[in-house]
Structure formats: structure tokens, C-alpha cells
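Read the numbers this way: they start at 1 and go in the same order the structure lists the ligands and their atoms.
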Amino acid sequence: MTKLKEVNFDGLVGPTHHYAGLAYGNIASSENAHAESNPKAAALQGLQKMRLCLEMGLEQGLFLPHYRPAWFLLKALGFNGDEQKALEKLAQENENLFAAAFSASSMWAANSATTTPSLDTDDQRCHFTAANLSSNLHRAIEADFTYQQLQKAFDNDFMTVHPPLPFGMQFSDEGAANHTRLSNRGEENGFHVFVFGKSGKVYPARQSVDASQAIAREHGINTDAIYLQQNPDAVDAGVFHNDVIAVGNEHVYLYHEDAYVDDQALQDLHEHIQLIKISAQQISVTDAVATYLFNSQLVTLPDQSMALILPIESEQNPQAKAVVDALIAEDNPIQHAHYVDCRQSMRNGGGPACLRLRVQLTEQELENTNQSFLLNKKKITELEKWVEKNYRDRLVISDFLDKKYREASMSALDELTQLLEVGSIYPFQR
Ligand code: SUG
């Protein structure tokens, strides 16, 4: 049996983290639009979660924040000339576009890419496809730089990084948030669960089935792959990604009974996979969305037991807490629950699972991964100091008009690349 090691790559929260209500269909994003944000707390909360994972004996990596404002976007839209004047004009004319250009949304690394481990592919290479995030402008502008970072981290003799699928709604792709690789401990190959949407009455779906199928083809997935359609009513209740209503790990798949139009294809895996279906009576979809109970990381610990890493919002809700307590008490591999504070991210609809891209690698692939993207506790301490020094603890959208603040954000990113020894990855460094 070839052993795969799971590494979680978290998106480091960037200095421009803010609340602009840009993600239609994401209830937290709409509810917190224009609230004051705390980028320092957001980044520290993220690092605290990464530290917890390391302390649990897991491998942990990170992706760097994208540089903002996204001048490549603004220039393409004709905002040339004096930068300060251009930003002032834009802020007045189109606040959403202004906010989008400063979005720190790359923190939600679960949407950065879809990956398939080498055990399941025709050419026995590990494959990555950068997500195009076509549904929302502030997210679509992540695609190019994500692709570049993935190449920097993983493009080598053993792994292949693919560019984003063609832009547009037909191939709208939001990455690993809608894909889960399951596996039975005794079996070599995995099972791939792809989840796609068709828009509800109110909110749009974000992952298209054409995109999921293209990725499966592109990666040469040579093992079972199933495609489940999101329940449009769940989409309308705020389930904009599958990881808001389901989580899987190895031979366990935890999901809400109202997650899909039809879960028969999932049921057909029951001989290999332990399906844990949570009923609407245990917790409604609305409460699942409010607490992000399912947006937890389900991880295998070194002793082979499994742990859930959940947002504290689900500890504070009696129904969600009861579901977790019952899971721990019942006969299944989930034996531990850790509640983490990622409230700054949660207010934009991003829980623990959103903040990380799961990558399953062989020992050789892990050795060949660019080590600058991997973390240890010492590096986390250095990153915490870097955040303390460089990040603001209060931010509103109009602060982006402050030139000094923008310059400070750029020099913080410059310092970060030195700290992590990744080289000059940002255009302003060239
Ligand atoms: O795409 N929020 C993100 C949250 C992504 C969560 N990821 C997963 N479920 N995997 C989104 O909706 C809000 C930005 C704002 O409103 O300012 C935002 O983009």
C-alpha cells in the first residue's frame, strides 16, 4: 500500500481583509457588509489554527496573500494615470469594484484549486487545477496568481499544475470546496465526490458540472468519480459551496440530509465509505449555515483516530454542539472535536475548512514540494511577529484611499517573501 500524507495549505490572510458584501448567496458576507474588520486578528486567528494542526501532528503549509490592489484589473478597465486619483474616482463611482480590487479573498484556499493524488491518476502524477472562480469578480482575479503560486510550490518531476479552466459560467470552478477524495484504508484507489450546482430560485450556483467533469478528465482520474447535484433549496439557504454542508475524510463522509437532490450515488459507496447523514431534525440547513458545523476540517491524527476542527460558532449553538457530541460518542472514527476562533473569516462566510487546500502527497512528492510553502512552529512564530508589526487592527473600505497604508501593505508583502524565502513572486518586486 502506498501511503499518502495529507498536507493542509492555508491561505494566509492578507493585510486588506475587509467586509464588502461582495459574495451574493453567501449570507455572512451580505450580513456583515461594510462592518469594520480587523485584519490583524484575522491573520492571527488563521495562524493559530495552523499552529493547532501542527501541534496535532499534522503537516501544514501556506499560500501567500495576493497583492492588492489588483492593478492588473484596474488598468485593464481603463484606470490609468495617477494612481491616487484613479482610486478616488473609482471609490466614488463604483464602490463594489473598488472593494473587489482590494479583496483579501485568496485566504479561502479551499477555493484555490482542485487536486488529485497520484494514486488515482493515469500518469501517476499528482494534479492540480487552479480554480477560475468565474462567479464573482473579486474571486476571479485570484486565478492567475493562484496558478503562479501553485506552479512555484508544486510544478516538478512528480506533479502537474494546470491553468484555470476557460472563464465563464459554463466552466465555473470553485476548487476543492466542491470536491472530496475519499478512500478506504485497505484499498489503494480513492473515490471522488464532485458536487455541482444549478441555481436556486434566489441564489446562483457556483460550481458547474462541466467544470467538474473537465477536471476529472484533465487529471486522468482512473477510479470511481461521482457527481452530485446540490439541492437548490440548500443553495437558497446559503449553501454556496458543498463544504458548507458536507465534509469527508478517508472512509468517512459526513453530510446533511438536505444537501443533494439525490444521494443515491453516495449511498452506493456504502461498502467502502461510512456515510454519516445528519437529519434536518438534528440541525436545520439554516443553522448548519449559521454555525458552519460542516465547514470543519476532518483530519486523521497520527494514532489513526479522526478529529473535527470546527468554528466556535458551532460550539455556541446547542443543536450543532449536540450533533458534535453525538458524533464523538457514537461508533465511528471521529473521536475528537477542537473548536477554533476564526470569527474574522467567518463573518465573510469562511470557516476552518474554507481556509485550507487539502493536498495528499506521497513521501517523494512531499519532499519535492517547495519547502518555502511548508510550515513549522518556528516559522509560525515569525509570521505572528510579522503580522503584529505590519497589520492594522481596524479597517474600513475608505482606508484603502490612504496611500501610506497601501505602501505599507506592499512592503509587508515584500518582507513576507523574504521571511519565507520564496523569492520575488509579486509583480511590484520585479
Ligand atoms: O467566495 N467570501 C467567500 C467565502 C469563501 C468560503 N469558501 C468555502 N466555502 N470554501 C466567498 O463567498 C466575501 C467577500 C466580501 O464580501 O467582502 C467572500 O468572498
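- Side-chain rings of Y203 and Y24 approach one another, their centers coming within less than 6.0 Å.
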Do any side-chain atoms of residues 311-318 form donor-acceptor pairs under 3.5 angstrom with protein atoms, and if so which ones, sequence neighbours left out?
from : atom 1 : to   : atom 2 : distance (Å)
S314 : OG     : P311 : O      : 2.7
N317 : OD1    : Q319 : N      : 2.9
N317 : OD1    : A320 : N      : 2.9

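- Side-chain rings of F128 and H162 stay apart, their centers remaining 6.0 Å or farther from each other.
- For the salt bridge (charged side-chain N to carboxylate O under 4.0 Å, His left out) test, residues two or more places apart in sequence or in another chain that qualify with R51 are E384.
- Salt bridge absent: K404 and D402 never bring a charged side-chain N and a carboxylate O closer than 4.0 Å.
- Under the salt bridge (charged side-chain N to carboxylate O under 4.0 Å, His left out) criterion, E55 pairs with no residue, sequence neighbours left out.
- Protein residues having a heavy atom under 4.0 Å from any atom of ligand 1 are H18, A20, G21, L22, A23, N26, S29, W108, A110, N111, H138, R139, A177, R206, F240, H241, D243, N348, G349, C354, listed by chain and number.
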